[in-house]
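The figures that follow rest on heavy atoms only: side chains count, while hydrogens, waters and symmetry mates do not. The chains referred to below are lettered A, B, ... by the order of the sequence lines, with proteins before strands, and numbering in each begins at 1.
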Amino acid sequence: MSGWDRQQMADRLAREFQDGWIVNLGVGIPTLCSNTDIGDRDIIYHAENGVIGYGPVLPPGQEDLHLVNAGGQNVSLRPGAAIVHHADSFAIIRSGRIDVTVMGAYEVAANGDFANWRIGDAKGGGIGGAMDLAACARRVFIILEHTTRTGEPRLLRACNLPVTTRGVVTLVATNLGLFAPAGDGFAVRELAPGVSFETAQTATGAPLLPG
Amino acid sequence: MSGWDRQQMADRLAREFQDGWIVNLGVGIPTLCSNTDIGDRDIIYHAENGVIGYGPVLPPGQEDLHLVNAGGQNVSLRPGAAIVHHADSFAIIRSGRIDVTVMGAYEVAANGDFANWRIGDAKGGGIGGAMDLAACARRVFIILEHTTRTGEPRLLRACNLPVTTRGVVTLVATNLGLFAPAGDGFAVRELAPGVSFETAQTATGAPLLPG
Amino acid sequence: MTKPGKAFDNMVAAVADIPDGAVIAFGGFAGPGTPYNLTKALLAQGAKRLTCIANTTGGAQQPRMPDIGMLVENGQVAKVICAFTAATRPTDQLPFTPYYERGEVEAELVPQGTLAERLRAAGAGIPAFYTPTAVGTELARGRETRIIHGREYLLEYALPCDYAFIRAWRADAAGNLQFRLSQRNFGPLMAMAARTTIVEVEEPILPVGAIDPDQVHTSGIFVHRLVPIPPPPEGLWTTRRQERAK
Amino acid sequence: MTKPGKAFDNMVAAVADIPDGAVIAFGGFAGPGTPYNLTKALLAQGAKRLTCIANTTGGAQQPRMPDIGMLVENGQVAKVICAFTAATRPTDQLPFTPYYERGEVEAELVPQGTLAERLRAAGAGIPAFYTPTAVGTELARGRETRIIHGREYLLEYALPCDYAFIRAWRADAAGNLQFRLSQRNFGPLMAMAARTTIVEVEEPILPVGAIDPDQVHTSGIFVHRLVPIPPPPEGLWTTRRQERAK
């Protein structure tokens, strides 16, 4: 199947970041956004662990072992970076200063709900900073593979798994394209090269609306 | 009248500070405690404005104009000093880490109440950090002149002015001596040189109990 | 950078857009950290019906420096929120006090630690919290308290503001700040609590990245406008005491 | 000084008195700031029925480093309070998870920002606060919420602990700490929240006063025991990744 690879999904979402935004990148595919060339836009990447103003992941041998992003990757710092502790980092988050948080998810619903902290039959979960970010950031973007390994859709009418936060997702990048939750379905903002509307609709658990 | 002068009152209270204590000194006579020679005791002086580990007031010309204690005096720093902002400074206070707070007051009562933020007929007041300190420090010591300028007692059965905090004062230094609130009266811990029990009793608005 | 940065040429420009009715926090504690120059510019700018948040309204000592008391005298203030609305010595009087007693200005008296924590809460997305301070006093009369683990606490609300006026030692062009010694006091908290933070800076503005990331006291995320303080006599220098010496 | 200082010779001595039932916070986020050496000493020391507070129970990646998961495997843990009690990828499994699923260990799952703020509150004498995080989710079910200015918030309580195990870059003998880069994470907060803070330090302990007071990240007021980390192989160095390279 054609479509976008992981870095291309990240690149496509990163194109949406506006000049001057403060952007939080979650574990997994979202962290790839900081590798994207953002041209002359001023973007500040913020990580939950108090790193303000980081840049691309560094190659082996060039890492500073005291410095990781939210995904545990050894990143670089951009000029003007600052370090704060976890409470100050989440002060930035809860006070609404994050322009967009980009996260992975298990499921996204057409009403903007998403689920990324607990799989159905597990006793525990992995929340991390996702609930703080999703409840307080100005925008929530999600990056995820369009379907599960067994081909089940992840873009749904309603989440089956316990939600992380309700009604907050405004943009979703998958390997098949860029979609916006629109209440009863997902508006198709863009399809990845080689992906037809019908292919995307078949892989989606909610109506797709021509964008 | 004989008795202690302001520095002697401060010196006498400073003798009570135990090795290892963290001590907060309020505006006025209490700030004189940091001028007292404390020998080989490790005492950390903490000021509300986030100065941890200050020392004596510096003479004119030697001040650092960026550094003041709670009374606005230009003090010195001792080795091992640290600076924090106001919220962290009051975190130290509210979390019970101040071993003793030494304050001035208008009135102290035999039951441990004290008043130092509003005079009777004023519309406003000056609370500063006194309520935070008095509610949260492990001990509250008071330094004040034994009587008002017109000779009225300041050590009373009950406060006439609005209280700052109830039932917290355990030791009071005045120009006449050292006294401990004891419920119905004040226990005399020590009288200043040349001060008789009768003189002190006459100047006090509650029974004095021989120490 | 070709983009507009955070640096402003002068105090007048930095406060020009402040509207009537704005809520402004003023940093400083007994001199260090006090934004004398921004306050002076606001006196000239003339915005009215302001709510002013600070440790004190100022003016207990001479010579006067630009302070909230002067804004009151200038008819610019509707309300103050402070830890001191009267002097601590009965023999002193704050310039603010007679205006308050005549009912021309409102005042909310807040314990200093509660004031700091309410500002921090506003900057941390915490709408309310409980504190042991002021329980059982006149300030708690009629207010909501709660017993937690056997002790009584008072409910306090966050204190957000439209603007913070603060003073820092050094800044880089990205707005990262360093304070020197007790200059720090309320500065970082007011920067967190404000929608727009305006900083008068003692040293020339440094290039982006000149401050070690581990030694930034306030991140540029919280800082919007930087104004270098001109040398005396145009700019007002470190403290009242130094001014007095002139 | 002739008095006993805060410096301890070795990790074993620094954790020797930890009793059964202690509540211990463990610093660290994805490597930096993780007190591997103190945790290793606690594994040998053997205290039981511990409550362990941390971002995660650890062990999602190989090679294993000393972590809370190992304390669980060693039968030392009654309860964990963490932002991760399961791995984020369904295909991974934390060593902790089967113990939890069999009911041998309790767990309290807390959003990461709430965890940080609850620790900070404990260290700041704030017994409880409101937060927007987790409102409307399974974690808020049956819990107290409150509408403030039209938005719903969840009541959260302070999280005090008996001990904090943290890791710092530098310390002076008075206990003033500096962290390097993202090593800071939970360290300052856990030091505030704990009655006894134990720090493994990467650089040799500095003389009192060697750290600029403006550049202290955690005041010695919050720090009780300092232990220099010995060089490898006895001491464990900076991160899992460096360890892997050996």
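A/Y106 touches chain D through its side chain: at least one heavy atom from C-beta onward sits under 4.5 Å away, while N, CA, C and O do not. Contact annotation for D/P188: only side-chain heavy atoms (C-beta onward) come within less than 4.5 Å of a heavy atom of chain A. Of the atoms belonging to D/A107, not a single heavy atom falls under 4.5 Å from chain A. In this structure, chain A has a heavy atom under 4.5 Å from the side chain of D/R151, while its backbone stays farther away. Neither the backbone nor the side chain of D/N55 comes within contact range of chain A; no heavy atoms are under 4.5 Å apart. For D/R120, the part sitting under 4.5 Å from any heavy atom of chain A is the side chain, from C-beta outward, and nothing else. For chain D, the nearby parts of A/L67 are the backbone and the side chain; heavy atoms of each come within less than 4.5 Å.
Of the listed residues (A/G124, A/G128, A/G126), the greatest number of heavy-atom pairs within a distance under 4.5 Å of chain D belongs to A/G128. Chain D forms the most heavy-atom pairs under 4.5 Å with one residue out of A/D64, A/V27, A/T165, A/V51, and that residue is A/D64. Between chain A and the residues D/S182, D/A116, D/A83, the most heavy-atom pairs under 4.5 angstrom are made by D/S182. Between chain D and the residues A/A135, A/A87, A/A130, the most heavy-atom pairs under 4.5 angstrom are made by A/A87. In terms of non-hydrogen atom pairs under 4.5 Å with chain D, the most contact-rich of A/A47, A/G50, A/S89, A/A70 is A/A70.
Checked against A/I127 for a side chain to side chain contact (heavy atoms under 4.5 Å, CB included), the options D/L109, D/L115, D/T114, D/T133 give a single hit: D/L109.
At least one donor-acceptor pair closer than 3.5 Å links the side chain of A/D132 to the backbone N or O of D/G113.
Around CG of D/D212, the count of heavy atoms belonging to other residues, nucleotides or ligands within 6.0 Å exceeds 12. Atom CZ of D/R102 has more than 12 neighbouring heavy atoms from other residues, nucleotides or ligands inside a 6.0 Å radius.
Interatomic distance, D/M192 CE to A/H85 NE2, rounded to the nearest 0.5 Å: 7.0 Å. Rounded to the nearest 0.5 angstrom, D/H217 NE2 and A/I83 CD1 are separated by 9.0 Å. In this structure, the separation between CG on A/N49 and CZ on D/R184 is 11.5 Å, given to the nearest 0.5 Å. In this structure, D/F29 CZ and A/E48 CD are separated by 5.5 Å, a value rounded to the nearest 0.5 Å. Put simply, CD on D/E101 and NZ on A/K123 are 8.0 Å apart, with the number rounded to the nearest 0.5 Å.
A parallel orientation is assigned to the rings of D/F186 and A/H86, their planes being inclined by less than 30° (bins at 30° and 60°).
D/P111 and A/M131 get closest at one heavy-atom pair: CG-SD, 4.1 Å. Residues A/R94 and D/T131 come closest through the heavy atom pair CD-OG1, 3.4 Å.
Contact of the D/L181 side chain with the A/L77 side chain is registered, since non-hydrogen atoms from C-beta on lie closer than 4.5 Å.
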